[in-house]
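Okay, structure first, notes after.
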Amino acid sequence: MKNLVIRGGRPLNGSVRVSGSKNAVLPIIAACLLPVTPCTLEDIPDLVDVHTICLVLEHLGARIDRSGSTLVIHPPERPCTEAPYEIVRRMRASFLVMGPLLARTGQATISLPGGCAIGSRPVDLHLKGFHTLGARIEHGYGSVRAEVGPNGLRGNRIYLDFPSVGATENIIMAAVLAEGQTIIENAAEEPEVVDLANFLNAMGAQIKGAGTKVIRINGVKELHGVTHPVIPDRIEAGTFLLAGAITGGNVLVQNVILDHVKPVVAKLNEMGIMVYEESEGLRVTGRDEYRAVDVKTMPYPGFPTDMQPQMMALMTGARGTGIITETVFENRFMHVSELRRMGAKIKTVGRNAVVQGPAGLSGAPVKATDLRAGAALVLAGLRAGGETVVGNVHHIERGYERLVEKLRGLGAEIEEVV
Ligand code: EPZ
């Protein structure tokens, strides 16, 4: 198994370019099943999760040519309608092929994605949406099968009990070729939903309201492939801003859309850590002393749950006591015990974590339990005195492209050891 070995205590300085967004590109690749002609996707990060969704699409009959960070995806004439269990179980986002398959072929059989470290992560809202559009849903043998009747999918009004990102995206992809209008209420407003809608509209879809709570989709007959550069990864950008902050360094984060990271920048400013907008990107200047704050994760435009573990690592060095409340996932504090091993003073009570600081961190062997928990441990290792060894690096490789190279470029003492 690979480990990351970090010798902390040095400020990071320099500039780093953020890659394309993992959480934008996964639904966009799934959406490439919809058009009748090929799509060209640009700024695609080289990530394990991207390879996984490409494997699913190839199994369904698509042909994918990759050159550098550009993907050309040739949709299948007649897609296979069954996604392979052994691939889907690796990554929950594979479930995002269900909407496009339903729209293109009228049927889809996908294995139910398992839960993961951060929660049970059901797909009931996705299935409620498909059912409301006219699909019959059957469960069996760990898979779910959806099949539309002879009239195909028909537009309808859907209210999401929770503004689920994946459910919003999956329902949009099912509705774009449905008969009539679909209205999604209490929809997710994340930038990745907007990027997907922009991509689909460029292909000829008629989607209005993406980025707001009410999205209207008028079904069309056919979609045609386009070229689309994906948006930058706002969570990677936030992670690097916090890397500069936690080490008291001076880091310019390039290729970032300020609006997408506003909740994180606002919190840093509250802590007394300044972030400046420059022509090339956002510059963070860390400082030895910064204030503790309270953080509550919320659906966009609230503070992102995907930055919660990284913020907790930063808060270990803040002066005072801060409370972090995780409202999106039911079990996203797996990083707490690992941070405690490094000397952090954190107590969890239900969905709240009370962080007391400043706590001096010392390097220790720790284990990543999921993608963002792993990123938090790397940040803590960059601040801690001595050597930190982060295990289960495969979690981190799912969502951060060339992380070691980028951090070394900022002066970090970090290496990957098998
Ligand atoms: C997306 O996951 C992201 N992944 C996650 O990022 C992110 O944490 C999450 O949105 C929230 O922002 C991708 O985009 C690939 P949800 P998703 O459906 O769509 C419950 C990362 O680190 N729920 O908005 O799966 C669910 O259990 C990953 O990059 C239902 O109850 O998230 C959770 O508590 C982690 N029923 C909450 O909603 C459903 O049918 C949010 O889930 C669907 C979701």
Side-chain angles (χ1 to χ4, degrees), residues 1-5 16-32 41-60 62 64-73 83-97 110-111 113-119 121 165-166 169 192 195 230-240 305-307 309-310 332 334-335 366-379 390-408 414-418:
M1 294 290 265
K2 282 189 276 192
N3 293 314
L4 293 182
V5 179
V16 61
R17 188 184 189 281
V18 169
S19 301
S21 163
K22 167 180 83 81
N23 291 349
V25 80
L26 294 178
I28 283 174
I29 289 176
C32 290
L41 305 179
E42 297 171 339
D43 233 355
I44 303 305
D46 180 11
L47 297 172
V48 168
D49 277 10
V50 173
H51 298 308
T52 302
I53 194 99
C54 287
L55 275 178
V56 174
L57 247 72
E58 287 168 333
H59 178 90
L60 298 175
I64 301 179
D65 304 324
R66 176 162 203 143
S67 127
S69 62
T70 299
L71 286 185
V72 179
I73 300 181
Y85 169 72
E86 66 278 0
I87 304 181
V88 172
R89 72 175 174 75
R90 280 187 223 164
M91 181 183 68
R92 166 190 173 73
S94 312
F95 202 72
L96 290 169
V97 302
I110 318 269
S111 69
C116 66
I118 61 178
R121 305 187 73 180
V165 174
E169 293 166 342
E192 293 76 27
D195 201 28
V230 295
I231 56 172
D233 193 313
R234 62 191 169 100
I235 305 302
E236 184 189 8
T239 305
F240 278 111
T305 174
D306 290 349
M307 283 298 301
Q310 301 93 305
R332 201 169 200 172
M334 308 285 276
H335 42 288
V366 289
K367 286 211 177 311
T369 50
D370 60 88
L371 167 55
R372 308 303 176 183
L377 295 173
V378 170
L379 293 184
V390 181
N392 291 348
V393 174
H394 61 278
H395 286 297
I396 301 174
E397 290 171 337
R398 292 187 53 177
Y400 289 94
E401 183 184 45
R402 293 181 292 107
L403 180 64
V404 171
E405 180 189 322
K406 290 178 179 175
L407 286 172
R408 289 168 73 99
I414 179 172
E415 60 178 330
E416 194 172 274
V417 173
V418 180

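Because only heavy atoms are used, hydrogens play no part in the values below, and waters and symmetry mates are left out as well, while side chains stay in.
- When all heavy atoms of S94 and M91 are compared, the closest pair comes out as OG-O, 2.7 Å.
- Annotation: the span from D46 atom CG to E397 atom CD amounts to 10.0 Å, rounded to 0.5 Å.
- Using a 4.5 Å cut-off on side-chain heavy atoms (C-beta onward), R90 and L55 make contact.
- Between the CG atom of N392 and the CG atom of D370 there is a distance of 10.5 Å, given to the nearest 0.5 Å.
- Shown here for E401 and E236, the closest heavy-atom pair between the two residues is O-OE2, 4.4 Å.
- The shortest side-chain heavy-atom distance between I396 and V390 falls under the 4.5 Å cut-off.
- Taking CZ of R332 as the reference point, atom OG1 of T305 lies at 4.0 Å (rounded to 0.5 Å).
- In this structure T369 satisfies the side-chain contact (heavy atoms from CB on, under 4.5 Å) test together with M334, A373, sequence neighbours excluded.
- Proximity of a side-chain donor or acceptor of R372 to a complementary backbone N or O of M307 within less than 3.5 Å is not detected.
- Taking both residues in full, the closest heavy atoms of T239 and L379 are given as O-CD2, 3.9 Å, listed atom of the first, atom of the second, then distance.
- A donor-acceptor pair is defined here as one N or O able to donate and one able to accept, closer than 3.5 Å; no such pair exists between the side chain of R398 and the backbone of Y400.
- Taking the side chain as every heavy atom from C-beta outward, C54 and L71 approach each other to under 4.5 Å.
- Taking the side chain as every heavy atom from C-beta outward, V50 and R66 approach each other to under 4.5 Å.
- Between R234 and D306 the shortest side-chain heavy-atom distance does not fall below 4.5 Å.
- In terms of the side chain to side chain donor-acceptor pair (under 3.5 Å) criterion, K367 has no residue partners (sequence neighbours excluded).
- The two atoms that bring V393 and E416 nearest to each other are CG1-OE1, 4.5 Å, heavy atoms only.
- How far CG of D195 is from CD1 of I28: 4.0 Å, rounded to the nearest 0.5 Å.
- To the nearest 0.5 angstrom, I64 atom CD1 is 9.0 Å from I53 atom CD1.
- D233 places a side-chain N or O within donor-acceptor distance of the main-chain N or O of K22, the cut-off being under 3.5 Å.
- A376 and P309 get closest at one heavy-atom pair: CB-O, 3.2 Å.
- With values rounded to the nearest 0.5 angstrom, L377 atom CG is found 8.5 Å from H335 atom NE2.
- The side-chain heavy atoms of L407 and V378, taken from C-beta on, include a pair separated by under 4.5 Å.
- A pairwise comparison of heavy atoms in L96 and G166 identifies CD2-O, 3.7 Å as the closest pair.
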